[in-house]
Amino acid sequence: MTTKVSSKASINVVDLVEAVREHPLYEHVSDENSLRMLMRTHVFAVWDFQSLLKSLQRSLTCVDVPWLPTADAEARRFVNEIVLDEESDAAPGGGYLSHFELYVQAMTECGADLEPIETFVRQLRAGQTVDEALELPVLPHGVARFVKTTMDIARSSQVHRIAAAFSLGREEVIPLMFRRLVDRLVHVAPDRWSQFHYYLMRHIGHDVETHAPLSRRLVERLCGTEGRLWAEAEEAARVSLGARIALWDDVLDAIRQQPRQGV
């Protein structure tokens, strides 16, 4: 996968995208127990995605009072459109939910372990910092490293790096991952996985049709023709994708250590 605006300005992360798409984890999501274990960890990536998005919103739109128009109206429109989808998407059966809340509902429906993410969010609501909450012993292995990587980029104040991690590290690669999971769900998932299937399909639809193309354009607008910015954006994208691969490695190790259960 290469995002490019000129012969001297591009981001090449093809090797890491292929590593994510071809990761052996998907083949090991072969029964209900392994899918629950994946969700128990993956929900933290669903949560910290919002911090990348909110960092973009803070940088590219006005969230202050008094309000003032920001310089780039197209970037403003893109970010606000993503926020609308991510924070208040159509829920199955009516109403609206954030994608994080939809994911948690899907975990409840299928019996996945909610204790780690609920404890984490509860500690944040009680005033702990993210770094403090990531020290909770109940968190799955690898979660703290992954979320810290995301938060370091989100808090960097370098909007071109944040946009690259958001675009190439998330929006571009998520449909590739989720299609693999949908393929597995066809074979292993009973009716009670319907909300998770809905979540996956909503993301695939939004990302392929709208979010990924818009996020690529955002990176192009932010980096322009400055080689330094493109190099920093590529570094952020590679860090983000590398963190995903490491997280998938950890989930795969956890699945392999568990006794296999029937469907």
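Given the structure is predicted, the values throughout are model-derived calculations rather than measurements. Below, each value reflects all heavy atoms present in this structure, side chains not excepted, and no hydrogens, waters or symmetry copies.
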Side-chain ion pair, [X] and [Y], N-O less than 4.0 Å:
X      : Y      : value
Asp15  : Arg238 : yes
Asp113 : Arg36  : no
Arg122 : Glu118 : no

Using side-chain heavy atoms (C-beta onward) and a distance below 4.5 Å, is [X] in contact with [Y]?
X      : Y      : result
Glu171 : Phe49  : yes
Ile245 : Leu16  : yes
Val17  : Leu176 : yes
Leu229 : Leu222 : no
Ile82  : Phe166 : yes
Glu172 : Ser167 : yes
Val20  : Leu241 : yes
Ile117 : Phe100 : yes

Inset, instruction - Check whether Tyr96 and Tyr199 end up in the same hydrophobic cluster, where Ile, Leu, Val, Met, Phe, Trp and Tyr are linked by side-chain heavy atoms less than 4.5 Å apart. - result: no
Inset, instruction - Using the rule that two of Ile, Leu, Val, Met, Phe, Trp, Tyr join whenever any of their side-chain heavy atoms come within less than 4.5 Å, decide whether Leu102 and Leu84 are in one cluster. - result: no
Looking only at non-hydrogen atoms, find the nearest pair between [X] and [Y] and report the distance.
X      : Y      : result
His160 : Ala233 : O-CB, 4.0 Å
Val13  : Ala237 : CG1-CB, 4.1 Å
Thr119 : Glu115 : OG1-O, 2.7 Å
Ala154 : Arg58  : O-NH2, 4.2 Å
Ala144 : Leu134 : CB-O, 3.7 Å
Gly169 : Ser240 : CA-OG, 3.6 Å

Supply the atom-to-atom distance [X] [atom1] to [Y] [atom2], rounded to the nearest 0.5 angstrom.
X      : Y      : atom1 : atom2 : value
Leu25  : Arg256 : CG    : CZ    : 9.0 Å
Met107 : Met39  : CE    : CE    : 6.0 Å
His23  : Glu18  : NE2   : CD    : 13.5 Å
Phe78  : Leu56  : CZ    : CG    : 7.0 Å
Asn33  : Gln258 : CG    : CD    : 6.0 Å
Leu53  : Asp48  : CG    : CG    : 11.5 Å

Legend entry - CA sep, side-chain torsions, deciding dist, call: Lys54, Glu87, salt bridge (Lys or Arg N to Asp or Glu O under 4.0 Å): CA-CA 10 Å; Lys54 285 299 179 179; Glu87 285 196 323; 3.1 Å; yes
Please check: side-chain N/O of [X] versus main-chain N/O of [Y], any donor-acceptor pairing under 3.5 Å?
X      : Y     : answer
Arg180 : Arg21 : yes
Ser34  : Ser30 : yes
Asp72  : Ala75 : yes
Glu234 : Asn12 : yes

Legend entry - His42 and its side-chain hydrogen bond (donor to acceptor under 3.5 Å, both in side chains) partner, picked from Tyr103, Trp47, Trp248: Tyr103
Legend entry - side-chain hydrogen bond (donor to acceptor under 3.5 Å, both in side chains) partner of Thr150, chosen from Gln50, Arg170, Arg244, Arg155: Arg170
Inset, instruction - Determine, stepwise, if the pair Phe146 / Phe44 fulfils ring pair (Phe, Tyr, Trp, His ring centres under 6.0 Å). - result: CA-CA 9 Å; Phe146 181 87; Phe44 285 89; 9.6 Å; no
Inset, instruction - Check the pair Lys148, Asp131 against salt bridge (Lys or Arg N to Asp or Glu O under 4.0 Å), reporting the backbone distance first and the verdict last. - result: CA-CA 7 Å; Lys148 284 179 180 178; Asp131 291 336; 5.6 Å; no
Inset, instruction - Might you work through the side chain to side chain contact (heavy atoms under 4.5 Å, CB included) test for Gln123 and Glu132, ending with a clear yes or no? - result: CA-CA 9 Å; Gln123 294 304 108; Glu132 290 170 339; over 6 Å; no
Legend entry - Working for side chain to side chain contact (heavy atoms under 4.5 Å, CB included), residues Glu101 and Ser98: CA-CA 5 Å; Glu101 291 166 310; Ser98 69; 2.9 Å; yes
Inset, instruction - Test Leu60 against Thr70 for side chain to side chain contact (heavy atoms under 4.5 Å, CB included), laying out the working first. - result: CA-CA 7 Å; Leu60 297 172; Thr70 49; over 6 Å; no
Inset, instruction - List the steps, then state whether salt bridge (Lys or Arg N to Asp or Glu O under 4.0 Å) holds for Arg216 with Glu220. - result: CA-CA 6 Å; Arg216 280 197 303 271; Glu220 293 170 3; 5.7 Å; no
Inset, instruction - Might you work through the side chain to side chain contact (heavy atoms under 4.5 Å, CB included) test for Ile162 and Ser156, ending with a clear yes or no? - result: CA-CA 8 Å; Ile162 299 165; Ser156 70; 3.9 Å; yes
Legend entry - Residue among Leu139, Val130, Asp152 satisfying side chain to side chain contact (heavy atoms under 4.5 Å, CB included) with Val147: Val130
